[in-house]
Trainee: 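Following this message is one structure expressed as structure tokens.
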2 protein chains.
Amino acid sequence: MRITTWNVNSIKQRLPHLLPFLDEARPDIVCLQELKCQDEAFPRAEVEAAGYAVETLGQKAYNGVALLVRKPLAVAEVRRGLPGDSEDEQARYIEALVSGPETQPVRVASIYLPNGNPVASPKYPYKLAFLERLRLHARGLLDDETAVVLAGDYNVIPEPADAADPEAWRSDALFLPQSRAAFRALLAEGYTDGLRACDPRDGLYTFWDYQAGCWQRNAGIRIDHLLLSPQAADRLVAASVQKHLRGLDKPSDHVPVTVELSAG
Amino acid sequence: MRITTWNVNSIKQRLPHLLPFLDEARPDIVCLQELKCQDEAFPRAEVEAAGYAVETLGQKAYNGVALLVRKPLAVAEVRRGLPGDSEDEQARYIEALVSGPETQPVRVASIYLPNGNPVASPKYPYKLAFLERLRLHARGLLDDETAVVLAGDYNVIPEPADAADPEAWRSDALFLPQSRAAFRALLAEGYTDGLRACDPRDGLYTFWDYQAGCWQRNAGIRIDHLLLSPQAADRLVAASVQKHLRGLDKPSDHVPVTVELSAG
DNA sequence: GCATACCCGG
DNA sequence: CCGGGTATGC
């Protein structure tokens with residue numbers, strides 16, 4: 001079973017990349033972030049025609065997350081929104097239980113964590129609070145037996161090796177010690193960084209800024225992650241970054257990251 | 001010698017239509033309106049590569065006019081701006097004397113007349129004042145011997161026969177009696193409506209609004225005109241509307257109109 | 001740089 | 001409807 005996370009930076013603009021990706025990579029589950037559209041505007045028909053069930057949590061202009069689940073896998077227990085703050089209106093979390101005839105079930109979340117910049121604004125405390133809410137929820141998800149995959153754009157660079165130029169990110173919300181500590185606290189709950197567990201090499205990036213020729217200079221960072229519960233980590237067989245998509249015309253600034261789990 | 005007028009509604013957006021038009025129709029002089037760009041942003045290199053000299057009067061976002069003159073015709077006495085109001089900053093008038101080895105010279109202007117709507121705003125008096133300034137300047141141009149062609153988007157529907165549904169335009173600045181009288185006053189100075197002189201038929205339109213399916217319903221109007229001085233009218237051999245360009249992808253709402261003059 | 005949104009002008 | 005502009009988020 002292959003599970004992909006991809007911040008598409010507008011589903012409408014990226015549909016010409018998403019549909020061929022679905023056809024060629026045939027992932028079983030896709031976690032999308034930054035849809036930048038309301039639910040009614042999601043190109044549901046096209047994605048369903050590609051063989052996927054669609055669950056979205058959209059909003060106007062910003063954020064927006066979705067889960068695509070390849071038929072005949074079954075989707076249940078869909079949760080929209082991360083618990084812990086009933087005031088939080090931002091569309092950043094969707095979760096579902098996915099099961100199929102030939103595989104053990106997996107609970108999967110598509111997460112778009114707050115960027116957190118500028119650090120001296122309310123955006124940074126919001127980010128840290130979101131990470132803490134996620135930790136508490138992630139802990140709760142370990143209570144039942146099912147494998148859990150928390151996939152998304154975490155907007156956290158876990159280690160210096162996850163940035164081409166870590167110095168440049170020193171005082172950025174994506175790399176500040178508190179952000180990284182909150183990410184490690186997630187791991188400390190018993191979750192495994194799926195890509196890092198499979199590939200210890202430096203220079204593994206998932207995001208290259210549109211500006212300043214970052215892609216051309218390979219000035220990337222690794223901020224899109226799939227965190228696996230122990231039951232999921234036990235099934236981990238491979239992980240990879242679909243870097244080529246950054247080279248297409250009108251690309252997202254993020255590329256897909258995929259983990260492969262054994263049937264169980 | 002063929003002279004074309006075309007309101008391109010953004011030269012940048014319409015370059016993919018203009019360049020094939022230049023190659024296929026090979027007009028000798030092209031009068032463009034609504035460039036919607038500053039002079040530095042005009043795609044000069046591409047148009048020069050197509051074999052044309054370029055004279056522009058651009059401004060930011062709105063208006064903007066240009067003259068394209070096919071080599072080896074020579075351009076002289078370029079005038080930017082219509083005389084009569086030193087306060088007028090809008091880029092709506094450019095004029096030049098064009099001469100060649102095998103043809104009598106022609107003085108040509110590319111004109112983008114104010115729309116004038118809403119009628120109850122200063123825009124309507126500005127339109128009428130512009131028409132009056134144009135009449136006085138056009139009169140002066142008759143003083144020397146050269147043929148004159150005043151071509152552009154006049155934003156005037158001269159007669160009911162020049163609109164598919166004249167009733168719909170009854171109280172519009174393009175069809176109000178004062179606008180039409182000002183246009184007739186230009187003709188009264190001795191100028192000839194080139195297209196009308198060649199083709200007396202109804203249903204000859206040069207503009208179809210983007211809205212309300214006007215193109216699909218052929219709800220057009222004739223507002224792009226080439227006015228010929230007596231010396232130019234004597235040389236008039238043909239006139240036509242290049243209607244097919246309205247059917248292309250991402251068209252201008254106006255189409256080119258072309259007159260052919262004998263060498264003299 | 002590349003996406004939104006909203007405004008103006010036609 | 002379809003250009004352009006500005007502002008904002010990342």
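Naming convention: chains lettered A, B, ... in sequence-line order (proteins, then strands); numbering from 1 in each chain. Side chains included, hydrogens not; waters and symmetry mates left out as well; all remaining heavy atoms used. Model, not experiment: these values are computed from the prediction.
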Trainee: Which of the following nucleotides, C/dG1, D/dG4, D/dC10, is nearest to the side chain of A/N115?
Mentor: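 Looking only at side-chain atoms, A/N115 lies closest to D/dC10.
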Trainee: Of the options C/dT4, C/dG10, C/dA3, whose atoms approach the side-chain atoms of B/R92 most closely?
Mentor: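 Nearest to the side-chain atoms of B/R92, counting from C-beta on, is C/dG10.
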Trainee: Of the nucleotides D/dG4, C/dG10, D/dC10, which one has an atom closest to the side chain of B/S10?
Mentor: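 Output: D/dG4.
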Trainee: Return the value, rounded to whole Å, for the distance between atom CG of B/D209 and atom P of D/dC2.
Mentor: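 These atoms are roughly 10 Å apart.
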Trainee: Using 30° and 60° as the class limits, which term best fits the ring planes of A/H225 and A/F183: parallel, tilted or perpendicular?
Mentor: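 Ring orientation, 0 to 90° scale: tilted.
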Trainee: I need the CG-P distance between B/D253 and D/dC1, as an integer number of Å.
Mentor: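 Checked: the CG to P distance equals 14 Å.
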Trainee: Name the pairs: protein N/O against N/O of nucleotides 5-9 of chain D, kept only if under 3.5 Å.
Mentor:
residue	atom	partner	partner atom	Å
D/dT6	OP1	B/K60	NZ	3.3

Trainee: Judged by atom type as modelled, is there a donor-acceptor pair below 3.5 Å linking the side chain of A/K250 to the main-chain atoms of A/P16?
Mentor: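 It does not hold such a pair.
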Trainee: Using 30° and 60° as the class limits, which term best fits the ring planes of A/H137 and A/Y93: parallel, tilted or perpendicular?
Mentor: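 Taking A/Y93 first and then A/H137, their aromatic rings stand perpendicular (interplane angle over 60°).
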Trainee: Hey, what's the ring geometry for B/W215 with B/W208, parallel, tilted or perpendicular (30° and 60° as the breaks)?
Mentor: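 B/W215 and B/W208: perpendicular rings.
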Trainee: Just checking B/Q13: base, sugar-phosphate only, or nothing, at a heavy-atom cut-off of under 4.0 Å?
Mentor: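 Contact class for B/Q13: sugar-phosphate only.
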Trainee: Base, sugar-phosphate or nothing for B/F207? Non-hydrogen atoms, less than 4.0 Å.
Mentor: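 Touches nothing.
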Trainee: In whole Å, I'd like the distance from the CZ atom of B/R14 to the P atom of D/dG3.
Mentor: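 My rounded result for the distance is 5 Å.
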Trainee: Mind listing the side-chain donor-acceptor pairs of residues 54-61 of chain B below 3.5 Å, one per line with the distance, residues two or more places apart or on another chain?
Mentor:
residue	atom	partner	partner atom	Å
B/E55	OE1	B/R80	NH2	2.7
B/T56	OG1	B/D39	OD1	2.8
B/Q59	OE1	B/N63	ND2	3.3
B/Q59	OE1	B/A91	N	2.7

